[in-house]
Amino acid sequence: MISTVSSATTQKSNSTTISSRTQHLWILGIVLVLAGQMILLKIQSGDPREGLKQAIAGTLLILGAALFGSFVTFANTSPSRFNFPTGETMPSQFVWRETWILGSFLASIFLAALAIFLFVKFGESTVIILIWIASILFLFLATLKDVRIARLHLREDWIYPAALAGLLVIAAWTRLYKLTTLPYNFDGDFASVGLEARAILTGQYKHIFAFGWADIPILGYFPPYLTMKLFGDNLFGLNTSGVIEGLLVIVGVYLLGRDLFQPRVGLLAAALLTISYAHLAASREPTYIDPVLFLG
């Protein structure tokens, strides 16, 4: 009895210490991110130290994000990734105590910092691009430690993926219908995005770590570039990027609603988004829907 009370007291004390430490790290992480953002906003085009300032800002953003999530806990009996939890799950340990997660994350940070240093020192090269891609892959690997995909029980669950597939068919048809002529006015921003994507397509841009129209990074023009490469160097190829991104957003909303609540909620949210006027308009355009997909 005494040992049980002592153990409970120790756990409570540790929990209080961890909670206080978590709050401090979160605050420090937010401060670092804001500092990095302020540096980015104050960089002037043509500044001789532009590369160095971007490297410092990027480092602050990475460190801030790492600190903000450094004490996230995960469940001891976590359900499969695509299953809705049916019972209470108790936090067991911190994610950084997992060798897989910590190792992959540190490898990602090291490679990202190395890519930034080499870019500032020597400029863009194929090696630097490969190092940068490797850092992204290691960061992705760090999230796969606890991912388990459950089997689909067809007798019980077939209705939800079937209904979602139906919604995607409706969404695709309404967004592809007269894609090159509706709306009748072709906004200047869309034309500028198309010209930038075409410049990548024709090889006019030799670097990907650069800025294009409206000081948008060249990487931001890759979605329309890819669809123009696949579906044609024309308005259809340009606007198809928005269609594909819009469909992925619908899938993402369904998964989010299902994971947070239940499949029925996710399906309802996806249905509402399918007939949403704002989403319909945005997903027929080659730009502006990108942040919804990539930040979501």
Side-chain angles (χ1 to χ4, degrees), residues 37 40-41 43-46 160-258 263-296:
Q37 185 66 24
L40 287 177
L41 291 175
I43 294 177
Q44 300 293 328
S45 180
Y160 296 110
L164 178 63
L167 289 175
L168 292 176
V169 170
I170 296 172
W173 179 79
T174 54
R175 285 149 179 77
L176 289 171
Y177 177 73
K178 293 189 177 181
L179 185 61
T180 59
T181 57
L182 292 176
Y184 292 115
N185 62 312
F186 189 70
D187 190 85
D189 287 0
F190 304 155
S192 297
V193 171
L195 291 174
E196 293 293 86
R198 177 175 288 174
I200 301 174
L201 189 65
T202 56
Q204 297 180 43
Y205 282 118
K206 304 301 181 182
H207 303 286
I208 64 172
F209 298 126
F211 295 94
W213 169 78
D215 288 332
I216 297 174
I218 296 301
L219 287 171
Y221 299 107
F222 264 58
Y225 152 71
L226 291 174
T227 54
M228 289 176 71
K229 189 175 181 65
L230 291 173
F231 302 106
D233 183 8
N234 47 42
L235 286 178
F236 183 82
L238 175 64
N239 293 334
T240 301
S241 63
V243 175
I244 294 174
E245 290 173 337
L247 295 179
L248 292 175
V249 170
I250 292 175
V251 174
V253 166
Y254 165 75
L255 294 176
L256 180 63
R258 185 192 62 180
R264 190 177 303 172
V265 174
L267 193 62
L268 177 60
L272 293 174
L273 198 60
T274 299
I275 61 174
S276 165
Y277 175 82
H279 187 270
L280 174 62
S283 56
R284 292 174 61 90
E285 302 166 355
T287 186
Y288 301 133
I289 198 172
D290 307 62
V292 181
L293 174 65
F294 292 108
L295 294 180

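Quick caveat, the model's predicted, so the values are computed rather than measured.
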Visitor: Between side-chain atoms of residues 225-232 and protein atoms elsewhere (two or more places apart, or another chain), which donor-acceptor pairs fall under 3.5 Å?
Guide:
{"residue": "T227", "atom": "OG1", "partner": "P223", "partner atom": "O", "Å": "3.3"}
{"residue": "T227", "atom": "OG1", "partner": "P224", "partner atom": "O", "Å": "3.1"}
{"residue": "T227", "atom": "OG1", "partner": "G237", "partner atom": "O", "Å": "2.7"}

Visitor: Where do L267 and A163 come nearest, in terms of heavy atoms and distance?
Guide: CD2-CB, 3.6 Å
Visitor: Can you see which heavy atom on L247 is nearest to which on A171, and at what distance?
Guide: CD2-CB, 3.6 Å
Visitor: As an exercise, state the distance from OG1 of T274 to CG of L167, rounded to the nearest 0.5 Å.
Guide: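 Rounded to the nearest 0.5 Å, the OG1-CG separation comes out at 4.5 Å.
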Visitor: For the residue pair D290 and T287, what are the closest heavy atoms and their distance?
Guide: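 Looks like OD1-CA, 3.5 Å.
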Visitor: Heavy-atom distance under 4.5 Å between the side chains of Y221 and L219, does that happen here?
Guide: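 No, side chains not in contact.
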Visitor: Testing the basics here: between A282 and I289, what is the closest heavy-atom pair and its distance to 0.1 Å?
Guide: O-CB, 3.9 Å
Visitor: To the nearest 0.5 Å, how far apart are CG in L293 and OG in S283?
Guide: 11.5 Å
Visitor: Specify whether F190 and F186 have parallel, tilted or perpendicular ring planes, treating 30° as the upper limit for parallel and 60° as the lower limit for perpendicular.
Guide: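 It falls in the perpendicular class, over 60°.
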Visitor: Between A269 and V253, what is the shortest heavy-atom contact and its length?
Guide: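 Where A269 meets V253 most closely, the heavy atoms are CB-CG1, 3.5 Å.
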Visitor: Among pairs that include at least one residue of residues 170-187, which meet salt bridge (charged side-chain N to carboxylate O under 4.0 Å, His left out), considering only residues two or more places apart or in two chains?
Guide: none
Visitor: Indicate the atoms forming the closest heavy-atom contact of P263 with Y254, along with that distance.
Guide: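 That closest heavy-atom pairing would be O-CE1, 3.7 Å.
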Visitor: Would you tabulate the side-chain donor-acceptor contacts of residues 195-214 under 3.5 Å, counting partners in other chains and residues two or more places apart, or write 'none'?
Guide:
{"residue": "E196", "atom": "OE1", "partner": "Y205", "partner atom": "OH", "Å": "3.2"}
{"residue": "E196", "atom": "OE2", "partner": "Y205", "partner atom": "OH", "Å": "2.6"}
{"residue": "E196", "atom": "OE2", "partner": "W213", "partner atom": "N", "Å": "2.8"}
{"residue": "R198", "atom": "NE", "partner": "D233", "partner atom": "OD1", "Å": "3.0"}
{"residue": "R198", "atom": "NE", "partner": "D233", "partner atom": "OD2", "Å": "3.4"}
{"residue": "R198", "atom": "NH2", "partner": "D233", "partner atom": "OD1", "Å": "3.1"}
{"residue": "T202", "atom": "OG1", "partner": "R198", "partner atom": "O", "Å": "2.9"}
{"residue": "T202", "atom": "OG1", "partner": "A199", "partner atom": "O", "Å": "3.3"}
{"residue": "T202", "atom": "OG1", "partner": "Q204", "partner atom": "NE2", "Å": "3.0"}
{"residue": "K206", "atom": "NZ", "partner": "G203", "partner atom": "O", "Å": "3.0"}

Visitor: Please name the residue in the list V243, L235, D189, N239 that meets the side-chain contact (heavy atoms from CB on, under 4.5 Å) test with P286.
Guide: N239
Visitor: Checking side-chain contact (heavy atoms from CB on, under 4.5 Å) between R284 and each of L179, T174, T240, which is the one that passes?
Guide: L179
Visitor: Please answer whether the main-chain N or O of L272 pairs with a side-chain N or O of S276 as donor and acceptor at a distance below 3.5 Å.
Guide: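 A pair under 3.5 Å: no.
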Visitor: Begin from the C-alpha positions of I250 and H279 and carry the test side-chain contact (heavy atoms from CB on, under 4.5 Å) through to its verdict.
Guide: CA-CA 9 Å; I250 292 175; H279 187 270; 3.8 Å; yes
Visitor: Taking the side chain as every heavy atom from C-beta outward, state whether L168 and V251 have any pair of such atoms under 4.5 Å apart.
Guide: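 They are in side-chain contact.
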